[in-house]
Every structure is written in C-alpha cells, then in structure tokens.
2 protein chains.
Amino acid sequence: MDLFLTYQMITKSAKYAIKAVIYLALKTDDQNRILVRDMHTEVSVSESYLAKLLQDLSRHGVISSAKGRGGGFYLSKENRRRTLMDVVKVIEGEDAVNACVLGISSCDTDNPCVMHHLLGPSKMAFNKALEATTLASLVDGIPEKHPIFPL
Amino acid sequence: MDLFLTYQMITKSAKYAIKAVIYLALKTDDQNRILVRDMHTEVSVSESYLAKLLQDLSRHGVISSAKGRGGGFYLSKENRRRTLMDVVKVIEGEDAVNACVLGISSCDTDNPCVMHHLLGPSKMAFNKALEATTLASLVDGIPEKHPIFPL
DNA sequence: TCCTTTGTATGATTTTTATCATGTTTTAGG
DNA sequence: CCTAAAACATGATAAAAATCATACAAAGGA
C-alpha cells in the first residue's frame, strides 16, 4: 500500500529502474553478473516486473546482459558513462522529458505558457541533474561494504 | 491521445485544476461567477470531471462557489491569497508533496537516500515555486483582453 | 410554494499503469 | 549434441487514475 502514488517527478517504473541501476553499479561489472532472481528484493519489486524493466534497459544499451548459463545483468565500462536521464528516457519514453509542466502541446520556449517561466526552471534543473549524473558517479562515494540496499 | 502521460511533475488532474484556477483568477470575483458548463472547454477537460475537481477545491476553501440560480464558481479576495501549492495539495493529497523522489518511505532529511542530495534540491525548488505563487500573482501580467485560453 | 438552476455527492465505466505468468530463444557445460 | 540455465518476448490480469453518469440538495425567482 503506497501512499505516494501521485505528484511524482517520475513514475514508479522509473524509480525501480534507477534503484536497479544503482544496484548494478555497486555490485557488477563485465566479469560479475547478477540474476534478476538475486536482486529483485533489494529493489523492492517483483522478479518478473524487474526482469521486464531490465530487459528494456538492456535492449537500449543502458545496461548489459548475457543469456544462458553464467549469464545475468551487469554494467560495463561503457554503461557506466550513461546517465540517469538515459534510464528515465528508456522507461518513460523519449518525449516525456521535454513535455510542458501543464501538458500543453503548443508550449515551448518560443511560445511559452503562463507557467513556463514559473515552473520551467525547476523542471530544467531536475533534467540537468538527471543528465549530469552518470551511473558511475551514482555510487562514487559509497563503499561497497556500506549497506544502502534494500532501497 | 496524450503523448505526455508520464514523467509528470504533477498529475493530469492537478494540471486541470491549475488551468481552471488561472481561468477563475482571470475572469471571476465575488460578483462575477462562472458555470462549469461555460469554462470546461477552456480548460480542455470534460464538464463533469472539471466539476468534480472544482468541488474538491471549493470544499477545501481554495476557491468559492454558490449554489442555485445565479450561482457558480469564483475566486474571492481571500482565495486569491492561496497558492498553487494549496491547489496541488488538495488534488494530489497532502503528503504526496513531501515524498522521496525514489519513493522510499524511510527517506527524509535526517536519513537521506542516495538520490536525496542529487534530486532533492530541484524538487525543493519546484515546491518553493508552487508555494511562492499566489493565485493572484498568476495573472498579474496578463491583460484580460489578451487571450491565453484555451490552455 | 413550486420550479428551475445551480453545485454536491456518489458510484459506474474506461483507460492507463503496474504486475504477473507462461512460453521461446540463446548460451555454456557435460 | 543434449540439457539446464539464463535472458527475451508476449500476452493476461490487477490496480490505480481518469472519466462519465445519475441522483440529490440548496438557492433564488415567479
């Protein structure tokens, strides 16, 4: 029973994806993969739903995966250069990020709506933060021993 | 067909409410009321759904209403001192506003999650903007003749 | 007082999002 | 090869949000 369903900056799915990506950044690399089965509880989501999200991220090259025995999900060196924005875009869709705060299709920088100057900057700040945060930097200050999961 | 359903700062309902409140600020006062019937197209939402939202706002004192013949919805002098945050809280619920970006229930200022320092500030900026904007100030610079609706 | 006009309250329906389940494909080891 | 272990793909179900519809209550005018 989640009390915080609305007023979301991002959807629940994207939140799961971000948590998962933090987990992968912390625990995996090309040699050390992990199974959905072994991480879903840490992300506080069901195995099959996390699988779906990870497949989506993998298909778009944000994370890596290997099929078959010994396979699993992991973050490669290249993956670590991707940003949180990449994660959000895969899950929420490309255009969602640029949408007007009021959902007005005709609103853009040239033809701003009444709220544009008001809420635009903070939305932009949010986007900038997502863009500036590489997956690598997510876990920079976190010593592997320090337990931050489950999230 | 709305392309911008996710990655929302606020829900569609709150967006309708904000648009409606801008409309009321622009067109009404204690003497001049307006019917849902006469404003729903300007807000780009159905009559009955807008009615529900306005009733919600009215019940919480954010806007005013009068029943019966000659009635309608309007913004009183006092209403105009309310803020966008009041509108959002009525529609989204009180606690939604303070929720963690990752939806972690144990996350707060004392015990911040990994994303807190990263996205917290821009969320806070967003909240501050909502709080700082009175309904009166929403239409400050807008001459009544200048058509900004439908939104 | 009665009738029309309005908002109010409540519940049903639809659409979207989230979740679950089941089968398919690929890979590595024996 | 064959088999088991893994991701992948797809569709079914459940939950939540958005939308619609219908009956009720209050207010004002004739």
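Within the 4.0 Å cut-off from OP1 or OP2 of dT19(C), at least one side-chain nitrogen or oxygen of Tyr16(A) is found. Within the structure, a side-chain polar atom (N or O) of Lys12(A) is placed less than 4.0 Å from OP1 or OP2 of dT19(C). Residue Ser58(B) places at least one side-chain N or O closer than 4.0 Å to OP1 or OP2 of dT8(C).
Picking from dT19(D), dT6(C), dT10(D) the nucleotide with the shortest atom distance to the side chain of Ser46(B) gives dT19(D). Picking from dA9(C), dA9(D), dC20(C) the nucleotide with the shortest atom distance to the side chain of Arg59(B) gives dA9(C). Nearest to the side chain of Arg69(B), among dT26(C), dT19(D), dG29(D), sits dG29(D). For Thr11(B), taking side-chain heavy atoms from C-beta onward, the closest of the listed nucleotides dG11(C), dA18(D), dG11(D) is dA18(D).
Of the candidates Thr28(A), Asn79(A), Asp30(A), Asn79(A) is the only one forming a side-chain hydrogen bond (donor to acceptor under 3.5 Å, both in side chains) with Ser64(A).
Without hydrogens or angle criteria, Ser58(B) side chain to Leu54(B) main chain gives no donor-acceptor distance under 3.5 Å.
Residues Ala66(A) and Ser65(B) each lie close to DNA chain C; by heavy-atom proximity, the contact nearer the 5' end of the strand is made by Ser65(B). Between Lys67(A) and Ser13(A), the one whose closest nucleotide on DNA chain C sits nearer the 5' end is Ser13(A).
As rounded to whole Å, 8 Å separates atom C1' of dG11(D) from atom NZ of Lys52(A). For the pair Leu35(A) CG and dT27(C) C1', the interatomic distance rounds to 14 Å; values are reported in whole Å.
Val36(A) comes within 4.0 angstrom of the backbone, heavy atoms only, and of no base. Using a 4.0 Å heavy-atom distance criterion, Leu50(A) is classed as making no nucleic acid contact.
A donor atom on one side chain and an acceptor atom on the other are not found under 3.5 Å apart for Ser137(A) and Asp140(A).
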